[in-house]
Amino acid sequence: MIVRKPSSHFLFKTRRRAITTCTLQVDPPANITSSSPSTSNSYDHKMFCLSLAEELIKRGSISSARQVIHRIIANSASISDAISAADLAILNGMDLGLGGYGALLRKLLESGESQLALSLYQDNIVALGIDPDPSILNSIIICLCKLGNVEDAIRHSDRLLSMNSLPIKPASDAILRELCAEERVLEAFDYFIKISDAGVALNCCSYNVLIDGLCFKGYLNEAMEVFDIMGKRKRLPPTLHQYKSLFYGFCKKRRIVEAELLSKEMESLGFYVDKTMYTSLINGYCRDKKMTMAMRVYFRMLKMGCEPDSYACNTLIHGFAKMGLFDKGWALYSQMTYWGLQPNVVTYHIMISNYCRKGKIDCALMLLNNMVSSKLVPSVHCYTVVIAALYKQNRLTEIDELYKNMLDNGVAPDHILSFILMKKCPKGRELQLALMLLQAFAKNGCGIDPLALSKSATRDFSQEIELLLGEIVKSNPNLANVAFGIYINALCKVGRAEEAFLCLDKMVSFGCRPLHFTCNCLIKCLCLEGLFEDAKSLIVLMQDSGMVADAETYLILVTEHCKWRNLDSAFDLLDQMEAEGPKPGVAIYDTIIGCLFREKKILEAQDVFKRMLEAGVDPDEVVYTTMINGYSQNGKAIEAGQLFEKMIENSIQPSSHSYTALISGLVKKGMMDKGCIYLSKMFGDGLVPNAVLYTSLISHFLRKGEFEFAFRLVDLMDRNQIEYDLITYIALVSGVCRHITVRKIFCDVNRGAERAREMLFQLLHQRTLAPREKDIRVSADSPEAIECFALKLVRKVKAIQFMPNLYLYNGIISGFCWAGRMHDAYDHFQMMQREGVRPNQVTFTILIHGHILAGEIDHAIGLFNQMNADGCVADGLAYNTLLRGLCQAGRLHDALSVLYTMRKRGYIPNKDSYENLLGGLCANCWSIPAFKIFEEMIAHGYLPYPYSYNWLLCILCKEKQFHEAYMVFDVMRKRGKLLQRGFCWKHLTSQEKFS
């Protein structure tokens with residue numbers, strides 16, 4: 001017998017009853033009457049047992065008394081009765097024993113007294129150094145799980161296993177449930193494997209909880225292992241709930257083939273696969289662009305007697321549309337009516353979106369009208385895609401009419417539509433547009449009459465908007481989130497960031513929750529000003545308020561970092577997304593790849609594309625086009641062609657943009673035969689060459705000096721009624737002006753290249769429309785004709801009301817400089833500044849070069865100094881231009897001074913500049929400076945032309961600088977350059993050192 005401390009019973013003193021010990025018979029209390037015989041009998045029995053236990057203790061029959069006490073505790077109707085029995089034993093000096101404590105622990109747990117049960121265990125078992133038996137350990141495991149202390153529960157379970165005793169089902173179930181409730185599903189899985197290997201059985205609901213938790217967290221392999229153990233080892237039949245958890249888990253992870261196999265297994269066991277499950281399979285295959293598999297599941301659904309619904313049909317139509325198989329999508333759309341399914345708003349939206357994507361706006365408008373005639377109210381999304389497409393085709397009048405129809409149909413604009421309209425809004429009218437949108441939003445979304453609020457004609461737009469926002473908040477606080485977003489976007493567009501942030505604070509003070517769109521507008525506004533740290537601070541504030549940065553937020557940050565050429569920061573953001581989420585989309589990778597190609601970092605761009613594929617992100621037509629264009633721009637036309645074929649293999653329909661990039665790259669690489677092949681394929685796909693392709697080809701042939709063929713393409717473009725855009729004019733002006741001083745145009749074109757070129761022209765010519773009178777004609781027979789054409793082209797560009805453009809002005813100024821008309825060049829230099837276009841380093845360099853061509857070197861120096869004084873820091877090209885001009889003018893002291901400044905600024909002269917300087921120094925017999933320039937050239941990897949180093953050798957020998965002459969000779973000999981025999985040869989060979 002374990003000796004107990006006399007005070008141990010005080011654990012229960014607050015809940016103890018007075019128990020008599022003088023007799024075996026006890027009269028029931030007065031409140032127990034004959035009217036409740038069952039209660040009376042129960043009470044009599046309890047009192048009899050207590051008296052019996054007390055009598056047995058007095059007689060010394062401790063073992064028998066303990067059994068009676070155990071039986072009383074186990075069968076007590078209430079926790080107070082069990083405690084009374086325990087108190088009786090303790091007051092009489094009897095130890096309850098492990099069995100008694102175990103029974104009392106179970107009774108406390110059944111009554112919900114988990115904390116009291118834990119205290120009993122710690123004070124009466126652990127504190128006294130008693131080794132608990134398996135029954136007590138199982139009870140305490142359940143107790144600890146109920147109190148949320150799952151770590152201690154697992155330790156007690158391990159203790160059971162070390163005693164070669166297995167945890168009972170309730171204890172194991174409790175641990176698994178608590179781990180899953182805390183989302184520690186992998187730990188739950190590890191514990192499950194451990195107890196399964198030990199032979200512990202679980203309840204079916206515990207398997208459900210564990211499989212659900214693993215599937216929800218994406219640990220499908222572990223979930224399938226649990227499922228297999230349950231079936232193979234434990235011989236438990238699977239449930240429908242378990243199958244569905246696994247099925248939707250596979251669908252979520254885009255493991256559609258495994259999900260379909262699981263659904264077939266379900267059917268073989270007699271479980272019903274419902275419409276939602278079939279649609280999930282269809283949706284998964286559509287997302288993976290496996291339309292054949294999707295249609296097979298669809299027909300299987302029909303075969304099993306599961307009627308299709310609009311959602312399943314919409315999923316298939318959307319899948320076909322994404323793959324460019326719009327005809328099949330349209331056929332399914334037509335079939336819906338045959339099945340008695342009426343297309344809903346989502347169906348129409350899918351069809352309208354695809355027509356807009358293909359540029360078939362009239363078809364999209366027809367469907368929009370059909371919706372109205374079918375008594376379906378188009379959603380704001382339907383109007384949004386059509387309005388965006390109309391903007392692309394510059395059909396502004398129709399936009400106004402469509403917007404009015406939208407309002408007449410009671411549709412309120414949303415933040416996406418406002419973003420599109422704001423993007424195309426004339427500068428300075430953003431707040432006016434925001435007021436118009438909010439008035440429509442208030443009327444159709446909140447039922448507020450905006451005209452009744454406008455009482456003062458002098459109130460400005462901001463005051464009108466704030467008054468309107470106040471009314472929207474009162475009417476519908478949920479819709480106020482969108483309204484504030486529209487206004488904040490407008491403020492960001494006009495660059496009033498401080499007011500936008502004040503508006504955000506006001507919005508929060510009203511209890512409104514900002515949309516992601518609103519925060520993204522503010523973040524973009526900060527990034528445009530280069531305030532990336534402030535943008536990060538705003539993201540932290542978003543996270544503190546429970547709003548997690550979404551993929552659009554990261555896209556804005558990555559895009560702006562790439563614009564500022566902060567590629568390291570862009571990669572840091574990509575790493576963060578891949579590690580922590582959200583999962584980066586194809587647009588993120590496309591932005592970084594495009595920036596890398598612009599920086600000529602081709603290998604890094606390839607690595608990012610490979611990284612995207614390894615991350616499981618499917619490339620779309622846009623990123624393929626970016627890659628193809630990047631390869632083409634960097635002279636890798638073969639790689640561009642291979643990637644183009646890979647795109648087609650992946651069932652991605654090429655667009656005119658991808659064809660244009662590839663054909664342009666092949667032509668520039670001299671592979672016109674292949675370019676013609678792809679041009680023919682382009683026609684076969686129903687695509688027509690656009691201004692971008694013509695501009696690229698014209699610019700290429702102008703750059704090569706093939707004016708006649710370039711002007712034939714200009715003529716063909718004009719006859720095809722393809723409008724010149726600003727880029728076309730810039731290419732023409734720059735290309736023509738570049739060769740405006742050429743006395744005669746020579747085009748060394750071999751017969752094969754000429755044949756391919758003519759084939760290219762004929763392919764373009766076959767789509768020619770009826771000829772029309774041209775206002776731009778040129779003959780490439782003489783420089784005078786080219787100059788006349790250039791000036792005529794400049795006048796035409798000025799007549800067309802293009803937005804002022806720096807590149808266009810640079811091209812025009814360059815043309816006047818090449819023609820020696822500096823007065824006209826300066827007129828346009830002044831004009832561009834009056835129109836708000838600030839000249840850059842290229843502009844100043846063009847003018848400096850013009851002065852040099854005119855022999856006005858002092859004007860060139862003055863303009864160079866003015867450029868730096870105006871805050872336009874000279875770049876390497878400007879320094880090289882001035883350096884060559886000074887050398888040509890014989891200003892060698894000034895040239896050496898510019899060279900010193902140039903090196904100090906971190907710029908290195910190019911080879912032409914070094915050759916000019918070396919030639920000028922040799923002409924003036926400055927042997928030592930010339931030798932130093934020679935050393936610099938060699939250090940930078942430039943080899944002088946033969947006449948330059950021979951001239952230098954002659955000068956060094958004449959001045960008896962034989963050591964330096966030998967060094968020049970030795971350097972050139974090691975690089976395979978032979979010395980011309982002459983004066984310097986005789987002097988060198990006559991020296992002992994040389995011999």
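Sequence positions, counted from 1, serve as the residue numbers for this chain.
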Who passes side chain to side chain contact (heavy atoms under 4.5 Å, CB included) against Val380, sequence neighbours left out? Thr384, Met406, Val411, Asp414, Leu417
I'd like to know if the side chain of Thr845 pairs up with that of Gln841 as donor and acceptor (distance under 3.5 Å, no hydrogens or angles considered). no
Can you confirm whether His700 sits close enough to Ser664 that some side-chain heavy atom of one is under 4.5 Å from a side-chain heavy atom of the other? no
Do Tyr403 and Tyr383 have their ring centres less than 6.0 Å from each other? no
Nearest-0.5 Å distance, CZ of residue Arg287 to NE2 of residue His318: 10.5 Å
Does the side chain of His415 come within less than 4.5 Å of Leu515's, by heavy atoms? yes
Would you indicate whether Asp544, at its atom CG, is surrounded by more than 12 heavy atoms from other residues, nucleotides or ligands within a distance under 6.0 Å? yes
Which atom of Leu431 lies closest to which atom of Ala490, heavy atoms considered: CD2-CB, 4.1 Å
Would you mind checking if Glu604 and Lys601 are paired as a salt bridge, meaning a charged N to carboxylate O distance below 4.0 Å? no
Only one of Lys636, Gln606, Gln642 forms a side-chain hydrogen bond (donor to acceptor under 3.5 Å, both in side chains) with Tyr631, so which one is it? Gln606
Euclidean distance, Asn810 CG relative to Phe844 CZ, rounded to 0.5 Å: 10.5 Å
Identify the heavy atoms of Ser696 and Lys668 that sit nearest to each other, and give their distance. OG-CE, 3.8 Å
Residue pairs meeting ring-ring contact (aromatic ring centres under 6.0 Å, His included), one or both in residues 421-440, sequence neighbours left out, come to none
Are Tyr659 and Phe644, when compared by the centres of their aromatic rings, separated by less than 6.0 Å? yes
One pair to check against side-chain contact (heavy atoms from CB on, under 4.5 Å): Ser462 and Arg496. What are the steps and the verdict? CA-CA 12 Å; Ser462 296; Arg496 291 158 64 172; 3.5 Å; yes
In terms of heavy-atom contacts, does CZ of Arg903 have more than 12 from other residues, nucleotides or ligands at under 6.0 Å? yes
Just to verify, what does His561 make a ring-ring contact (aromatic ring centres under 6.0 Å, His included) with, not counting sequence neighbours? Phe532
Would you sort out whether Tyr355 and Val386 count as a side-chain contact (heavy atoms from CB on, under 4.5 Å), showing the intermediate values? CA-CA 9 Å; Tyr355 274 132; Val386 177; over 6 Å; no
Scanning both residues in full, the closest heavy-atom pair of Cys425 with Leu433 reads CB-CD2, 3.8 Å
Sub-4.5 Å side-chain heavy-atom contact between Leu396 and Asp400: no
Can a donor-acceptor pair be found between the side chains of Tyr624 and Asn650 at a distance below 3.5 Å? yes
Under 4.5 Å between any side-chain heavy atoms of Lys493 and Asn489, yes or no? yes
With sequence neighbours left out, which residue pairs that include part of residues 550-565 fulfil the salt bridge (Lys or Arg N to Asp or Glu O under 4.0 Å) condition? Glu560-Lys563, Arg565-Glu599
Minimal heavy-atom distance between Leu567 and Cys595, with the atoms involved, is CD2-SG, 3.7 Å
For Leu877, does its backbone N or O pair with a side-chain atom of Thr881 as donor and acceptor, under 3.5 Å? yes
Side-chain donor/acceptor of Glu645 to backbone N/O of Gly641, under 3.5 Å: no
Tell me whether Asn481 contacts the main-chain N or O of Arg513 through its side chain, where contact means a donor paired with an acceptor under 3.5 Å. yes
I want to check something: taking the side chain as every heavy atom from C-beta on, are Pro514 and Phe484 in contact at a cut-off of under 4.5 Å? no
Whether the side chain of Asp620 engages the backbone of Val623 through a donor-acceptor N/O pair (distance < 3.5 Å, no angle test) should be reported. yes
Once rounded to the nearest 0.5 Å, what's the spacing between atom CD1 of Ile592 and atom CG of Asp607? 12.5 Å
Met612 side chain reached by Phe609 side chain, heavy atoms, under 4.5 Å: yes
Hey, is NE2 on His657 packed in by over 12 heavy atoms from elsewhere, all under 6.0 Å? no
NE2 of His349 to OG of Ser379, rounded to nearest 0.5 Å, is 5.5 Å
Quick check: are there more than 12 heavy atoms from other residues, nucleotides or ligands sitting under 6.0 Å from CD of Gln393? yes
Where do Val473 and Cys512 come nearest, in terms of heavy atoms and distance? CG2-SG, 4.4 Å
Would you give the length of the straight line joining atom CD of Gln633 to atom CD1 of Ile628, rounded to the nearest 0.5 angstrom? 12.5 Å
Check for a donor-acceptor pair, side chain of Lys669 on one end and backbone N or O of Gly635 on the other, with a separation under 3.5 Å. yes
State the NZ-CD distance between Lys506 and Glu466, to the nearest 0.5 angstrom. 4.5 Å
What pairs of donor and acceptor atoms, side-chain ones from residues 517-531 against any protein atom, are under 3.5 angstrom apart with sequence neighbours left out?
from: Asn520; atom 1: OD1; to: Thr553; atom 2: OG1; distance (Å): 2.6
from: Asn520; atom 1: ND2; to: His516; atom 2: O; distance (Å): 3.2

Indicate the atoms forming the closest heavy-atom contact of Asn880 with Pro909, along with that distance. OD1-CA, 3.3 Å
Mind checking whether Val608 and Phe571 have side chains closer than 4.5 Å, heavy atoms only? yes
Considering only residues two or more places apart or on different chains, which pairs with a residue in residues 576-595 satisfy side-chain hydrogen bond (donor to acceptor under 3.5 Å, both in side chains)? Tyr554-Gln576, Glu578-Tyr589, Glu578-Arg611, Asp590-Thr626
Looking only at atom types and distance, does a side-chain atom of Asn476 sit under 3.5 Å from a main-chain N or O of Cys446, one as donor and one as acceptor? no
CZ of Arg905: more than 12 outside heavy atoms within 6.0 angstrom? no
Show your reasoning for whether side-chain hydrogen bond (donor to acceptor under 3.5 Å, both in side chains) applies to Thr625 and Glu621. CA-CA 6 Å; Thr625 302; Glu621 197 269 337; 2.9 Å; yes
Derivation and outcome, side-chain contact (heavy atoms from CB on, under 4.5 Å), residues Ile648 and Ile652: CA-CA 5 Å; Ile648 295 175; Ile652 296 177; over 6 Å; no
Going by heavy atoms in the side chains, are Tyr391 and Lys423 under 4.5 Å from each other? no
Report the C-alpha distance between Leu693 and Leu697 in whole Å, list the side-chain angles of each, state the deciding distance to 0.1 Å, and finish with yes or no for side-chain contact (heavy atoms from CB on, under 4.5 Å). CA-CA 6 Å; Leu693 178 58; Leu697 295 175; 4.1 Å; yes
Aromatic ring pairing Tyr879/Tyr907, orientation class (parallel under 30°, perpendicular over 60°, tilted between): tilted
